[in-house]
Amino acid sequence: MGVKQAIKNLDAFPRAEEHLLQKTQSGGLVSIVGLVIMATLFFHELTYYLSTYTVHQMSVDLKRGETLPIHINMTFPSLPCDVLSVDAIDMSGKHEVDLDTNIWKLRLNSHGHIIGTEYLSDLVEKEHAAHKHDDENEHHDDADKKLHALGFNEEAENMIKKVKKALDNGEGCRVYGVLDVQRVAGNFHISVHGLNIYVAQMIFGGATHVNVSHMIHDLSFGPKYPGLHNPLDGTVRILHETSGTFKYYIKIVPTEYRYIWKEVLPTNQFSVSEYFSPMKEYDRSWPAVYFLYDLSPITVTIKEERRSFLHFITRLCAVLGGTFALTGMLDRWMYRLIEEVTKASGGRAYR
């Protein structure tokens, strides 16, 4: 009996008799507001608990012998697909001209609509079907004579005529695909360098007439993970009555993204700086868009983590208990205020 009484004396929540409790309209209003606030805070805390956060760690990059995937998706509104080539070179000395592995190009009309699709390959080495038209005039005949005089074969002649027609029609080109290069510093560029120098001269009439205006829809060095921002996505560079070479200097940071379910996504993030060199009359080089990249020796590991259940319970008790206590105080204040106002009104009426 003594133990039970001792436990009863420790009761921090004593019950009052029902007839001693007074329920008021203001108390009911405060209770409704308190319940709404507590329900809102509960769902907020639950969402906060179920969401993940990321932890960043750095370590030395120990990867060897792997390839570096380069995802490109670019539009050249002023150059036909037939003259564009993708070239790559790295510090190991490997030099690949006019890469065509997993690279596609889309022919675009002057309005940017797709009019054809094909693999990117060397224009001079491609076979082109000759398109004969009944309305060819003397200008075409004169051009043919000039090409023969310069020693071009029939295939090159047909190609030059085709490209000139595409330029007159305002054709552009969208180049997209994936380059797999060695995991060392290097560069890749998109240009007219795949053309024979004399063929390029016949088509454009000089390097200053090559317009390398471009739009970068996507440039990345691996798959995307949540929160990744590629700084070159959405870049637009349009040239008007000028030409030149664009150079993007890229610093690649190897990255591993570890999902909450332990899956590991190897990828890369990067920073970039940009430089434009205008073309001058005496320059012997041809305009191009260069991407010069180097790899950081540091790997960044990004891990998704979730807060502990005890942390969730602690926060939940804090916000719900605090709300309950605050609404209790508000109820008492409102009750006293209403009681004072009622007394004051009764006293004036008595007088």
Side-chain angles (χ1 to χ4, degrees), residues 67-88 96 98-121 123 166-167 169-181 186-194 210-240 242-255 257 265-277 287-295:
T67 58
L68 177 69
I70 304 176
H71 301 261
I72 60 173
N73 188 351
M74 299 177 61
T75 294
F76 291 82
S78 301
L79 290 176
C81 289
D82 290 322
V83 301
L84 286 176
S85 68
V86 180
D87 309 329
E96 298 181 83
D98 199 18
L99 292 167
D100 58 4
T101 303
N102 298 325
I103 297 294
W104 290 82
K105 61 182 179 178
L106 301 176
R107 290 177 56 205
L108 307 176
N109 61 18
S110 57
H111 301 290
H113 299 145
I114 298 172
I115 56 177
T117 307
E118 58 189 47
Y119 268 116
L120 186 62
S121 57
L123 177 64
L167 287 170
N169 294 335
E171 280 193 26
C173 185
R174 186 165 185 167
V175 181
Y176 70 97
V178 181
L179 300 176
D180 288 315
V181 298
N187 79 77
F188 69 95
H189 54 276
I190 304 176
S191 63
V192 298
H193 294 170
V210 179
N211 189 340
V212 291
S213 297
H214 58 279
M215 293 168 279
I216 304 176
H217 308 290
D218 176 57
L219 180 70
S220 57
F221 296 85
K224 296 183 178 180
Y225 61 83
L228 175 64
H229 171 67
N230 292 323
L232 284 178
D233 289 1
T235 299
V236 178
R237 298 292 181 265
I238 303 297
L239 300 176
H240 299 282
T242 186
S243 185
T245 295
F246 290 90
K247 292 184 178 180
Y248 297 96
Y249 297 91
I250 297 172
K251 191 70 172 182
I252 301 173
V253 181
T255 304
Y257 192 88
L265 179 68
T267 183
N268 300 278
Q269 52 186 324
F270 66 93
S271 61
V272 63
S273 57
E274 177 184 349
Y275 176 74
F276 174 70
S277 176
V289 179
Y290 282 85
F291 298 90
L292 302 98
Y293 57 88
D294 192 8
L295 283 89

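In what follows, residues are counted from 1 in the order of the sequence shown.
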So does Leu239 get a backbone contact from the side chain of Thr242, meaning a donor-acceptor N/O pair under 3.5 Å?
no
Between His193 and Pro287, the two heavy atoms sitting closest are NE2-O, 4.2 Å
Over 60° means perpendicular and under 30° means parallel, so tell me whether Phe188 and Tyr293 are parallel, tilted or perpendicular.
tilted
Taking all non-hydrogen atoms of both residues into account, name the closest pair between Pro77 and Ile238 and its distance.
CG-CD1, 4.4 Å
Looking at every non-hydrogen atom in both residues, tell me the closest pair between Leu265 and Pro223 and how far apart they are.
CD1-CG, 3.5 Å
Within the side chain of Asn268, is there an N or O that forms a donor-acceptor pair under 3.5 Å with the backbone of Phe221?
yes
If only side-chain N and O atoms count, and only distance matters, is there a donor-acceptor pair under 3.5 Å linking Asn187 with His189?
yes
What heavy-atom pair brings Gly244 and Val212 nearest, and what distance separates the two atoms?
O-CG2, 3.2 Å
Would you call the rings of His113 and His111 parallel, tilted or perpendicular, where under 30° means parallel and over 60° means perpendicular?
tilted
Going by the angle between their ring planes, with limits at 30° and 60°, are Tyr257 and Tyr225 parallel, tilted or perpendicular?
parallel
Can you see which heavy atom on Lys251 is nearest to which on Leu295, and at what distance?
NZ-O, 4.2 Å
Is Ser277 reaching over with its side chain to a backbone N or O of Tyr275, donor-acceptor style, under 3.5 angstrom?
no
